[in-house]
Amino acid sequence: MKIVDARVIVTCPGRNFVTLKLVTDDGVTGVGDATLNGRELAVEAYLREHVVPALIGRDPARIEDTWQYLYKGAYWRRGPVTMTAIAAVDTALWDIKGKYAGLPVYQLLGGRSRDGVTAYGHAYAASLDEVPAAVASLVAQNYRAVRVQCGIPGLSKTYGVSASGGSYEPADSAVPSVESWSTSRYLAFVPTVFERVRSEFGPDLQLLHDVHHRLTPIEAARLGRSLEPYALTWLEDPVPAELQDGYRLIRSHTTTPLAVGEVFNSIWDCADLIQSQLIDYVRCSVVHAGGITHLRRIFDLAALHHVRSGSHGATDLSPICMAAALHLDLAIPNFGLQEHMPHTAETDRVFPHGYHFADGLLHPSEEPGLGVDIDEELAARYPYRPASLPVNRLEDGTLHSW
Ligand code: KDG
Ligand code: MG
């Protein structure tokens, strides 16, 4: 058994995706997501120039060895570009292993630990008065957990709130667009949003909120405390992720659970947060944290420390990443929640898949492997379009975290 072809496919059915497709000498194929929002071509070049030549002729059954080869062999360890490239190879190899075994990947990971994967959806509204309708629409679709984001009075654009009313896609122009931010307006407003949602929807609905790395630790501590009456399931990314000591400070002031990890790419980014029990959910993803092999390692460490998973699942992670995440979510003992932002119909056509959402739960495909593919002919009809994530400036013009 050997790998005879490795294709890196870039496509833009509404937004950019990078995919690695491996082919074995038996004609078995495997796919891996390699999309890094706003930096797609860096991963495409890394795969094409440095990884694909080393894959040809390798035994696809040796998943762990290939992972170690790409990680240790690069010498330059970690980083989003390297780890996304490794993830693509690893994901494709698990897909191939499942197809050879005739089993869905979750069976290779130990089998199902639950009936389905509880997903959280996104409710967003331009103003407070529109929040109840936005949440009601998610409840009507049977989501049991809802992330709530709302436009901030006095700010023209807010993270997580689509200006067009369509699905939220922040990478909106080749050169980053500029958004504005005010911590004082935000801190004063957010508790009123959750007061409204709790009073209208009662205690059972799980509620989440994404701060998107914008606060200092003491500001985040204050927000966490002011949200305690509304019993959030988690407060996400309260401070920029590289400032890990900040979590000790936040933790010492509030019992609002904390979730972090979407920008992490290895176990070394979250080991201390997990081992010191400074967070409650770790939100790394298959595509940005080294694939199924490495994410499993992160979740296993988390399980020892009462930390649950909460994998990132925004639309810039392709349906291949979602398919892979669902196999892992179904199998691990410490699953928490899975983010679910449905892709557009165009994207779903380019990536035909067998996973589905029903009664608040996501279910992976029962087909051998991951149960997802890329339609290469269709993909070729959507050429790459440069698109960057925005930047943020304070009202006095100072650059702030986005
Ligand atoms: O590419 C960046 C997005 O994936 C990110 O902004 C989405 O924070 C996000 C989330 O929680 O889905
Ligand atoms: Mg987030």
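All values derive from a computational prediction rather than experimental measurement. For ligands, and for the atoms within them, numbers begin at 1 and follow the listed sequence.
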K.L.:
Need the atom name: nearest N/O/S atom of Glu236 to the Mg ion (ligand 2).
P.N.:
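Considering only N, O and S atoms, Glu236 comes nearest to the Mg ion (ligand 2) through OE2.
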K.L.:
Short list, please: which atoms of ligand 1 are under 4.0 Å from a heavy atom of Ala314?
P.N.:
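In order of number, 4 (O), 7 (C), 12 (O).
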K.L.:
Among His400, His209, His213, His212, find the one that has a ring pair (Phe, Tyr, Trp, His ring centres under 6.0 Å) with Tyr159.
P.N.:
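Of all the options given, the one that passes is His212.
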K.L.:
If I apply the N/O under 3.5 Å rule, does Tyr120 come out as touching ligand 1?
P.N.:
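There is no such contact.
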K.L.:
In terms of side-chain geometry, is the basic nitrogen of Glu64 or Arg297 positioned less than 4.0 Å from the acidic oxygen of its partner?
P.N.:
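Between Arg297 and Glu64 there is a salt bridge, with a charged N closer than 4.0 Å to a carboxylate O.
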K.L.:
Quick test: of every protein heavy atom, which one is nearest to atom 3 (C) of ligand 1, and how far off is it to 0.1 Å?
P.N.:
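Checking every protein heavy atom, the shortest distance to atom 3 (C) of ligand 1 gives Asp316 OD1, 3.4 Å.
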K.L.:
Compare every heavy atom of Ala379 with every heavy atom of Val350, then report the nearest pair and how far apart it is.
P.N.:
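That would be CG1-CB, 3.9 Å.
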K.L.:
Testing Tyr124, Phe194, Phe201 one by one against Val148 for a side-chain contact (heavy atoms from CB on, under 4.5 Å), which residue passes?
P.N.:
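The option that passes is Phe194.
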K.L.:
May I ask you to decide whether Arg248 forms a salt bridge with Asp245, counting only side-chain N to carboxylate O separations under 4.0 Å?
P.N.:
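Yes, Arg248 and Asp245 are salt-bridged.
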K.L.:
Does Trp402 have a heavy atom less than 4.0 Å from any atom of ligand 1?
P.N.:
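Flag set, Trp402 near ligand 1.
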K.L.:
Salt-bridged, Asp5 to Lys21, with N to O below 4.0 Å?
P.N.:
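Judged by the 4.0 Å cut-off on N to carboxylate O distance, Asp5 and Lys21 do not form a salt bridge.
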K.L.:
Measure from the Mg ion (ligand 2) to every N/O/S atom of Glu262 and report the name of the nearest one.
P.N.:
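Considering only N, O and S atoms, Glu262 comes nearest to the Mg ion (ligand 2) through OE1.
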K.L.:
Closest non-hydrogen protein atom to atom 12 (O) of ligand 1, residue and atom name please, with distance?
P.N.:
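The protein heavy atom lying closest is Glu339 OE2, 2.5 Å.
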K.L.:
So is Arg283 touching ligand 1 or not, going by heavy atoms under 4.0 Å?
P.N.:
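Flag set, Arg283 near ligand 1.
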K.L.:
Tell me the closest heavy-atom pair linking Glu228 and Thr255, and the distance in Å.
P.N.:
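Heavy atoms only, the tightest pair is OE2-N, 3.0 Å.
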K.L.:
Got the closest protein heavy atom to atom 6 (O) of ligand 1, with its distance?
P.N.:
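Here the closest protein heavy atom is His212 NE2, 2.8 Å.
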K.L.:
Test of understanding: given a 4.0 Å heavy-atom threshold, classify the contact between Tyr168 and ligand 1 as side chain, backbone, both, or neither.
P.N.:
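Within the 4.0 Å criterion, Tyr168 makes no contact with ligand 1.
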K.L.:
Would you say ligand 1 has an N or O under 3.5 Å from any N or O of Asn37?
P.N.:
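For ligand 1, there is an N or O atom that lies under 3.5 Å from one belonging to Asn37.
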K.L.:
With heavy atoms only and a cut-off of under 4.0 Å, state how Glu236 meets ligand 1: side chain, backbone, both or neither.
P.N.:
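Side chain only; the backbone of Glu236 stays clear of ligand 1.
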K.L.:
Starting from atom 9 (C) of ligand 1, locate the nearest protein heavy atom and write down its residue, its atom name and how far away it is, to 0.1 Å.
P.N.:
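Here the closest protein heavy atom is Tyr159 OH, 2.9 Å.
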K.L.:
Looking only at N, O or S atoms, find the one in Asp210 nearest to the Mg ion (ligand 2) and name it.
P.N.:
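Result for Asp210 and the Mg ion (ligand 2): OD2.
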K.L.:
Please indicate whether Arg114 has more than 12 foreign heavy atoms, meaning atoms of other residues, nucleotides or ligands, lying under 6.0 Å from its CZ.
P.N.:
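Enclosed.
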K.L.:
With a 4.0 Å cut-off on N to O distance, would you call Asp210 and Arg283 a salt bridge?
P.N.:
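Salt bridge between Asp210 and Arg283, a charged N being under 4.0 Å from a carboxylate O: no.
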K.L.:
Can you list the ligand 1 atoms lying under 4.0 Å from a non-hydrogen atom of Asp210?
P.N.:
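Those atoms are 8 (O), 9 (C), 10 (C), 11 (O).
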K.L.:
For atom 5 (C) of ligand 1, tell me which residue out of Arg147, His288, Arg15, Glu262 has the closest non-hydrogen atom.
P.N.:
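Among Arg147, His288, Arg15, Glu262, the closest heavy atom to atom 5 (C) of ligand 1 belongs to Glu262.
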K.L.:
Give a yes-or-no answer on whether the side chains of Asp33 and Thr35 include a donor-acceptor pair shorter than 3.5 Å.
P.N.:
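Short answer, yes.
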